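Please read the structure below before turning to the comments.
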Amino acid sequence: MKVVIIGGVAGGMSAATRLRRLEERAEITVYEMSEHVSYANCGLPYFISDVISERQSLLLQTPESLWARFRIAVKVQSMVTSINREAKTVTVKNLATGETYDDPYDKLVISTGAKPRQLTIPGIERAMWLRNVTDADTVKAALENVAPDKDGQKSVAILGAGFIGIELAENIRHLGHKVTIVQRSNSILGQFDPEMIQPLHDQLTKHGVEIVLSAEAAEITKTGVILTNGSRIDAGLVFTAAGVVPDNSLAREAGLKIGATGGLWVDDQQRTSDPDIFAAGDAVEKNGELTGDQTLIPLANLANRHGRLVADVIAGRAVKARPSLGTVIIGAFGFATGITGLSERAAIKGGIKHAIIHVHPNNHAGYYPGAKRVSMKVLFDPETGKLLGAQAHGEDGADKRIDVIATAIAGGLTIDDLMDLELAYAPQFGSAKDAINIAGYVGNNVFNGTTPTVQWHQLEAARAAGAQVIDVRSPHEHGAGRIPGTINIPVDELRDRLSEVQLEDVVVYCAVGQRGHIATQILKANGAKVRNLDGGYSTWSVAEKAMQRKP
Ligand code: FAD
């Protein structure tokens, strides 16, 4: 059996090496048009700033090492220019010599990845981007030679505030350059809900990254970017980081089915509309686990996992791809923000019923030095309790909580199950009641109706409908910052000051929701119709800030 693979990185090389482990006698050839194979594209932003100082560490394998261990023939600088499905051949152009030839296949694997979305604005040819090691070399050299702007500063503009744009921004700041991000929408990283992404936004601006929201580049000039509103941003270097699109022109020209997302269509065994052609990675659309919709999720885990699965299928194993959750995390200046499954925005868009909780526990026991807050938002089905998604952020421990919830969703667990998860605990690592357990307790109270809640974005409507809003924190906390127009009755005084409470409709809040929960129970026992502000003042205040962003 001769297997030809187009694209020698995550999806392609996972397919190639797994296939060799399963089929010692298969002939395997990988065509890769760049100069390198199996390179770590996720590490490229950190290489340009020398956070990763060894270029060699990005190159995980070479054609020689892959031949030595796996007898896989890897041809770099070799671009497949067409697929002839009838003849079952690919046409290859050697980019070093210009030579062109045909190569036959029994099975073909396409893992051509995604390419940067190209903006169609004048001067776009001046922009740089980051996709492979050669790009990183070019970018690194260019960053060393940025011409100073009129203020004598080395300025860089980045068009797009997605994952790559933000990673570029952080790393270019490490070099000491001035960085401005221009983002078309009114939020960075649109996958996240506004109150969950605002802290990362603040972290970026705190470290000197200027973020211009609701702005669009009209032209890239020699000295910077002109926006559609006429304003100018000085920049000796401009990057496009406006997302990626599936690189599937080969598949399209070969007449393979392309999905409505623009990604290559595959069945649940990664088989394209041609039974002898498989595909994996960023070029391919994925099946969303929670919506059932086809979607684009250009992430390394899925490229590796589906590449491996392709090899299993070619080797005759009866395996199926499980749908994708879209679990992702980003860090900048020591602050991480992650998401798995559905955001509130995605749930609303998909018409999926959901209940929400926000919690703000510590990453480990508060009495052990260095405890940091991990803020989490968890979505679950209000009828079954099944977990639907989570977002988390903080200086430490957000990654662990996102991974636990991703695993819980994959296992079909409910919000109540989070209460019972036995997670590793010693004071330096976690808490006897881990942040995940706390999410379970809070969610359980909402799920079974013990604590009716109101979300930050429902508070105004509740007030307009006549609800009284009471801050149950201490006078000191109330003085330091409060929701405008709210009265202060500390939770410990509540039983003695019931006459001040409008029992027929009242909303209580504290810092994070815990004292609000106690106040809710006291007032309920006294006949009140009461709701607790979910996530307390912590969630409300950050959401309020997010809402002040230019629409
Ligand atoms: P790719 O890794 O893009 O590989 C496709 C290869 O195919 C390319 O090398 C290309 O040269 C080659 N190719 C294309 N067309 C042809 C042709 N006609 N002939 C021959 N060769 C061809 N994901 C995460 O999950 N976490 C991260 O932190 C993260 N960070 C990233 C940072 C950067 C800067 C980039 C660029 C990506 C990042 N990603 C991250 C995304 C991740 O790298 C991709 O999801 C993953 O590499 C996709 O694998 P793939 O095999 O589909 O495509």
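Start at 1 and go down the list; that is how both ligands and their atoms are numbered. Everything numeric here is computed off the predicted structure, so don't read it as measured data.
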Heteroatom proximity flag, G11 to ligand 1, N/O under 3.5 Å
yes
Under 4.0 Å from one or more heavy atoms of A303, ligand 1 contributes atoms 48 (C), 49 (O)
Need the ligand 1 atom indices (1-based, order shown) with element for anything under 4.0 Å from a heavy-atom of L250.
18 (N)
Nearest-neighbour protein heavy atom for atom 32 (C) of ligand 1, which is reported as residue plus atom name and distance
N41 O, 3.4 Å
Are Q183 and S185 close enough that a side-chain donor and a side-chain acceptor fall under 3.5 Å?
yes
Within 6.0 angstrom of R131 CZ, more than 12 heavy atoms from elsewhere:
yes
Between S65 and Q61 (side chain of the first, backbone of the second, donor and acceptor by atom type, cut-off under 3.5 Å), is there such a pair?
no
Who's the nearest protein heavy-atom neighbour of atom 7 (O) of ligand 1, and how far?
G7 CA, 3.3 Å
If we only consider heavy atoms of G43, is any one of them less than 4.0 Å away from an atom in ligand 1?
no
Would one find more than 12 heavy atoms of other residues, nucleotides or ligands at under 6.0 Å from atom CZ of R69?
no
Using a 6.0 Å cut-off, check whether atom NZ of K349 has over 12 heavy atoms from anything other than its own residue.
no
Among all protein heavy atoms, pick out the one at the shortest distance from atom 21 (N) of ligand 1; state its residue, atom name and that distance to 0.1 Å.
M33 N, 3.1 Å
Protein heavy-atom partner closest to atom 24 (C) of ligand 1 - residue, atom, separation in Å
A300 N, 3.6 Å
Considering the heavy atoms of Y39, write down every atom of ligand 1 situated less than 4.0 Å from one of them.
8 (C), 9 (O)
Show me which atoms of ligand 1 lie under 4.0 Å from any heavy atom of I6.
17 (C), 19 (N), 20 (C)
Rounded to the nearest 0.5 Å, what separation is found between the OG1 atom of T134 and the CE atom of M33?
10.5 Å
Can you find an N or O of C42 that's nearer than 3.5 Å to an N or O of ligand 1?
no
Side chain, backbone, both or neither: which part of T81 comes within less than 4.0 Å of ligand 1 when only heavy atoms are counted?
neither
I need the contact type for I164 against ligand 1. Using non-hydrogen atoms and a strict under-4.0 Å cut-off, is it side chain, backbone, both or neither?
side chain
At less than 4.0 angstrom from any non-hydrogen atom of G281, what atoms of ligand 1 do you find?
52 (O)
Considering V90, N304, V9, V109, which one's heavy-atom position lies nearest to atom 1 (P) of ligand 1?
V9
for atom 12 (C) of ligand 1, nearest protein heavy atom and its distance come out as E32 OE1, 3.3 Å
Atoms in ligand 1 with a heavy atom of L130 nearer than 4.0 Å:
36 (C)
Identity and distance of the protein heavy atom lying nearest atom 45 (O) of ligand 1:
D282 OD1, 2.8 Å
Checking Q391 side chain against S343 main chain: does a donor-acceptor pair fall under 3.5 Å?
no
Does the cation-pi check pass for K107 over F278, that is, NZ or CZ under 6.0 Å from the six-membered ring centre and within 45° of its axis?
no
Calculate, to the nearest 0.5 Å, the distance between atoms NZ and CG belonging to K154 and D234 respectively.
15.5 Å
Are side-chain N/O atoms of S14 and N304 paired as donor and acceptor at under 3.5 Å?
yes
Mark yes or no for whether E395, through its side chain, and R373, through its backbone, hold a donor-acceptor pair below 3.5 Å.
no
Considering heavy atoms of the protein only, find what lies nearest to atom 53 (O) of ligand 1 and give residue, atom and distance to 0.1 Å.
G113 CA, 3.2 Å
Checking heavy-atom distances from atom 49 (O) of ligand 1 to each of A10, A136, G8, G12, the winner is A10
Note: ligand 1 atoms sitting under 4.0 Å from heavy atoms of P298 are 41 (C), 45 (O)
Option with minimal heavy-atom separation from atom 19 (N) of ligand 1, where the choices are V80, T112, L95:
V80
The closest protein heavy-atom partner of atom 5 (C) of ligand 1 is S111 O, 3.3 Å
Do T91 and D102 meet the criterion of a side-chain donor-acceptor pair at a distance under 3.5 Å?
yes
Do you see a donor-acceptor pair shorter than 3.5 Å between the side chains of D149 and S155?
yes
Atom NZ of K386 with >12 non-hydrogen neighbours under 6.0 angstrom:
no
